[in-house]
Engineer: 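Take a look at this one; I'll ask things after.
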Amino acid sequence: MRLHALTRALSKAGHSPRFTRFTFHVFTFHRYSFAVGASSLAIDLRSVAKVYKGRIHALCGIDMKVNRGEIFGLLGPNGAGKSTLVKIMTTIVRPTHAEGTILDNPIGHKPTLQRVGYLPENHRFPRYLTGRQTIEFFAALSNVDRPTRKKRADELLDLVGMRESADRVLSTYSKGMTQRIGLAQAMSADPDLIILDEPTDGVDPVGRRDIRNILTRLRERNKTVFINSHLLSELEMICDRVAILVQGQIARQGSLNELTVTDQCYEIEIAGHDDPLQLRQRILQSLPNFFPHQSIPPTAPLTGKLPTSHPITLTAHILSIPTTDPNHIQELLDALRRSGLIIRRVQQLRPSLEDLFMGAVNAPQAPPNVKGFPIQFGSPPIALPPIS
Amino acid sequence: MITQTLAIFEDAYHELNSRKIFWIVLILSAVVMLAFAGFSATDARLTYFGVKIPSFGFPPRLFYKSLFTGFIVGVWLTWAATGLALFSTASIFPDLVSGGSIDLYLSKPISRLRLFITKYFTGLLFVTLQVTIICGLGFIILGVRGGGWYPSIFWGIPIVLVFFSYLFSVCVLLGILTRSPLPALALTILFWLVCFSISLTEVMLLDWKTGAQLDLDRIDLQIDTYNKRIAMMQPRSPTTKSTTNPTTEPILLTDFKAARDRLERERPDAQGSVENSKKWHKMFYSVQTILPKTGETTGLLDRFLFTRAEDEAYITSHEGNRGKKSSSTEEIDVPKKRKDVELNKELRDRSVSWIVGTSLLFEAAVLSLAAWIFQRRDF
């Protein structure tokens, strides 16, 4: 719009139409060049909302950023709006309101989908096609020319381990085999962004590991992978960043480290053959500076303080310190060693993705803004790191 | 763009290839054509597997050709093969818009409208292949067994295709609305029967209208004839007239007057019948103008396959039959055959633009609605 205002201003200022046109083209080219070259975001969604039949608020103003070359996981309970969000990104569902870009083009820009691979949940591939034909057919729909798609089909069949069964029709495949072919078709146009909806659904543990390896290799090739899954343990293993969607809103978003930074801690486990009560007493005696008040009943957790004023909790023979910095616990370790106590384990602990997920799902949600847009409440509670 | 279109057509071919119904219909078509090849026609006689059979007063070659249009196209392609084709293609759009399938298509860089149109045309592939094979075989069989090569037989391909496309467009709309092949197929067949019934009723009303009009024309002609004869038999000079006694009027003149009076009494009824028939026919004709004209469309093949001279031969053979059977009492009734000829002429004089043009307009409207729904819907 600003560009059009500029050209109008140039016209009003008395410049010739040729000059105005030239300026328009120069700026358009510049803007285009900037757009394709500069952004490091594969997905940049702002205020994405979807209301079905004027009353069902599936999405209530989603803000989400996915960096290029990362594996991003979208989590959420059933009915949270995950599939709707994915379908909006792939133009299957029209948003009620959406701003932002996918691969630097506006949401809903069809030609951009040539650079997007998608594996839907509960997909229904033509059962009369062979595995190879399926890959080639969907590559052709992405405008891949015949020689390229034939060559790529062979490569992808090798990649997903389906070379042997490539020329059998899909109706003879198991679910796991179909899923592998589905993954291959999602990659058939060599896309920059791959969106996978429950990619490991129906796949055996070996297949899951294979898929994880494939996704990791895609990340190494600077491809962006967006995964929508219920399998938290799977996501935890491979995702760089995650977002948790609850009731159509982003409840949490960021890297696992960022999301758990406040809940991370170090645990120090002391070993000993003594009676647990005696061991506890020995620990307290060796750490008088850290636990000045020792008159608490022996069975209850005891709270103390580090010199850095970080709290310490002693439960049975385990010391717990809520910090992510290992420097904070060095003095404590030295004191334990000096007193002759045996340290069995020092471990940095952080909540699992499941803990995070359950926390987000059980937390009260902001009421949806049903009156108008843009919606303000969907922004992530944790600040994202600066994106360079 | 062409890559995507070709891929969708290639996929449609694979789908057809995988469906047993396609091969069953193809085999049945081959059997029908084999049965058709059993006929042999020369200028003098018509045989079926060597046994001479009657050609019902028609020239044998003409009769053989009319068997192709009447039975192969008119019955087999129009009813049986089309019904099976609808059965086979009714699931194309419900399958396309089903969850898990539509996601795969819409997530590709192809516009919804283009996907819709391309898929629609792939639905016509079934009938195209069937009718091409039948017309090709028909051309060869008529040439070899009937002694006449008729390239115009290939007009059957677009004609049957257009006819099928009327029904398929309705099937597509219903498939998108219901997302289920069975209701789509059942409702399409119901629509087809409605179209057929309206078309049949319209032809019956046209038959009534033609008959009533001919009846009225006959009455008017006879009244006019009687008036002329009565005028001729009346005394000419005023003196003679004044001396003439009505009671001494010739018997023939009295009969003529009685007959004329009877006809004049019949005339208002005939006039009323014409007006009624016109009113009802106009109503059904208007309805039929909006709806696809399935029967008339396939009937177009007759126009392309039979020359005007052959048409004349057909009419003459009917007139000849009528002349042989006529008697003095039948002369004053409208002969049925003459009415049939008039009716046939009226039907054949209907323009192609009315038959195909208005039907295609209907199809375009239905497809536009279906495409609009397809474009707007969230899947």
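In what follows, chains are A, B, ... by sequence order, proteins preceding strands, each numbered from 1.
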Engineer: Heavy-atom pairs under 4.5 Å with chain A: which of B:Thr3, B:Asp11, B:Ile2, B:Ile110 has the most?
Structural biologist: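 Winner by heavy-atom pair count: B:Asp11.
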
Engineer: Mind checking the CD-CZ spacing from B:Glu10 to A:Arg146? Nearest 0.5 Å is all I need.
Structural biologist: 5.0 Å

Engineer: Just how far is it from atom NE2 of B:His14 to atom OG1 of A:Thr130, taken to the nearest 0.5 Å?
Structural biologist: 7.5 Å

Engineer: A:Pro120 and B:Gly100: which non-hydrogen atoms are nearest, and at how many Å?
Structural biologist: CG-O, 4.2 Å

Engineer: Is it the case that atom OH in A:Tyr52 sees more than 12 heavy atoms from other parts of the structure closer than 6.0 Å?
Structural biologist: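 Yes - once you tally the heavy atoms of other residues, nucleotides and ligands closer than 6.0 Å, there are more than 12.
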
Engineer: So what's closer than 4.5 Å to chain B heavy atoms on A:Pro126: side chain, backbone, both or neither?
Structural biologist: side chain

Engineer: Grab the two heavy atoms, one from A:Ala140 and one from B:Ala7, that are nearest each other, plus how far apart they are.
Structural biologist: CB-CB, 3.4 Å

Engineer: Looking only at non-hydrogen atoms, find the nearest pair between A:His123 and B:Leu104 and report the distance.
Structural biologist: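 Result for this residue pair: CB-CD1, 4.4 Å.
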
Engineer: Among residues 185-198 of chain A, which residues come closer than 4.5 Å to chain B, judged by heavy atom distances?
Structural biologist: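 Counting heavy atoms that sit under 4.5 Å from chain B, the residues of residues 185-198 of chain A involved are A:Gln185.
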
Engineer: My understanding is that only residues two or more places apart in sequence, or in another chain, count here; which of them pass ring-ring contact (aromatic ring centres under 6.0 Å, His included) with B:Trp155?
Structural biologist: B:Phe304

Engineer: State the CE-OG distance between A:Met89 and B:Ser107, to the nearest 0.5 angstrom.
Structural biologist: 12.0 Å

Engineer: Looking at side-chain heavy atoms only, is the closest gap between B:Asp95 and A:Arg124 below 4.5 Å?
Structural biologist: yes

Engineer: Can any side-chain N or O of A:Lys110 pair as donor or acceptor with the backbone N or O of B:Leu106 at less than 3.5 Å?
Structural biologist: yes

Engineer: With a 4.5 Å heavy-atom cut-off, do B:Asp103 and A:Thr90 have their side chains touching?
Structural biologist: no

Engineer: Any side-chain heavy atom of A:Leu141 within less than 4.5 Å of one from B:Ile8?
Structural biologist: yes

Engineer: So, using salt bridge (Lys or Arg N to Asp or Glu O under 4.0 Å) as the criterion, who are the partners of A:Arg149 when residues are at least two apart?
Structural biologist: none

Engineer: With chain B as the partner, which of A:Asn122, A:Val116, A:Val144 has the greatest number of non-hydrogen pairs under 4.5 Å?
Structural biologist: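 That would be A:Asn122.
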
Engineer: Would you mind checking which part of A:Glu136 comes under 4.5 Å of any heavy atom in chain B, side chain (CB onward), backbone (N, CA, C, O), both or neither?
Structural biologist: neither

Engineer: At a heavy-atom separation under 4.5 Å, does A:Val86 approach chain B through its side chain, its backbone, both, or neither?
Structural biologist: neither

Engineer: Tell me whether the count of non-hydrogen atoms from other residues, nucleotides or ligands lying under 6.0 Å of OH in A:Tyr128 goes above 12.
Structural biologist: yes

Engineer: CZ of A:Phe137 to OH of B:Tyr105: how many Å apart, nearest 0.5 Å?
Structural biologist: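 A:Phe137 atom CZ to B:Tyr105 atom OH measures 3.5 Å (nearest 0.5 Å).
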
Engineer: Under 4.5 Å, heavy atom to heavy atom: which of residues 372-379 of chain B reach chain A? Give them by number, or say none.
Structural biologist: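 If one takes a 4.5 Å heavy-atom cut-off, the residues of residues 372-379 of chain B near chain A are B:Gln375, B:Arg376, B:Arg377, B:Asp378, B:Phe379.
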
